[in-house]
Engineer: 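Shown below is the structure under consideration.
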Amino acid sequence: TESGFHEAVNDGRRLLKDRKKASSREVAEYGYRAMIKGKIVAIHGLKNAIMATSIRFIPRILVVKAARMIQEKKH
């Protein structure tokens, strides 16, 4: 979601900056429509849904390592 987070924390990452992100309004409207339809979980965007779902099929140790790599700041 386009939020200004990465700019605010000045993390220098290009991976998420270069890709087109949905606006906060688009994500909120998507969530609202899903809620009205009675959905318990709503994930905006196909890539996001695939990533969120794929975690179930990947060994936990790999998920933890990947999350750590993403979150750690490279110097």
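Starting from 1, each residue takes its place in the sequence as its number.
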Engineer: Using residues 51-62 as the side-chain source, report each donor-acceptor pair under 3.5 Å to any protein atom, sequence neighbours left out, with the distance given to one decimal.
Structural biologist:
unit_1: T53; atom_1: OG1; unit_2: A49; atom_2: O; d: 2.8
unit_1: S54; atom_1: OG; unit_2: I50; atom_2: O; d: 3.2
unit_1: S54; atom_1: OG; unit_2: M51; atom_2: O; d: 3.0

Engineer: Going only through I, L, V, M, F, W and Y residues with side-chain contacts under 4.5 Å, is there a path from I40 to M35?
Structural biologist: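 Different clusters.
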Engineer: Among all residues two or more places apart in sequence or in another chain, which pass the ring-ring contact (aromatic ring centres under 6.0 Å, His included) test with Y32?
Structural biologist: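 Listed in chain order: nothing, the list is empty.
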Engineer: Let me confirm one number: the NZ-NE2 distance from K21 to H44, rounded to the nearest 0.5 Å.
Structural biologist: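 Rounded to the nearest 0.5 Å, the NZ-NE2 separation comes to 14.0 Å.
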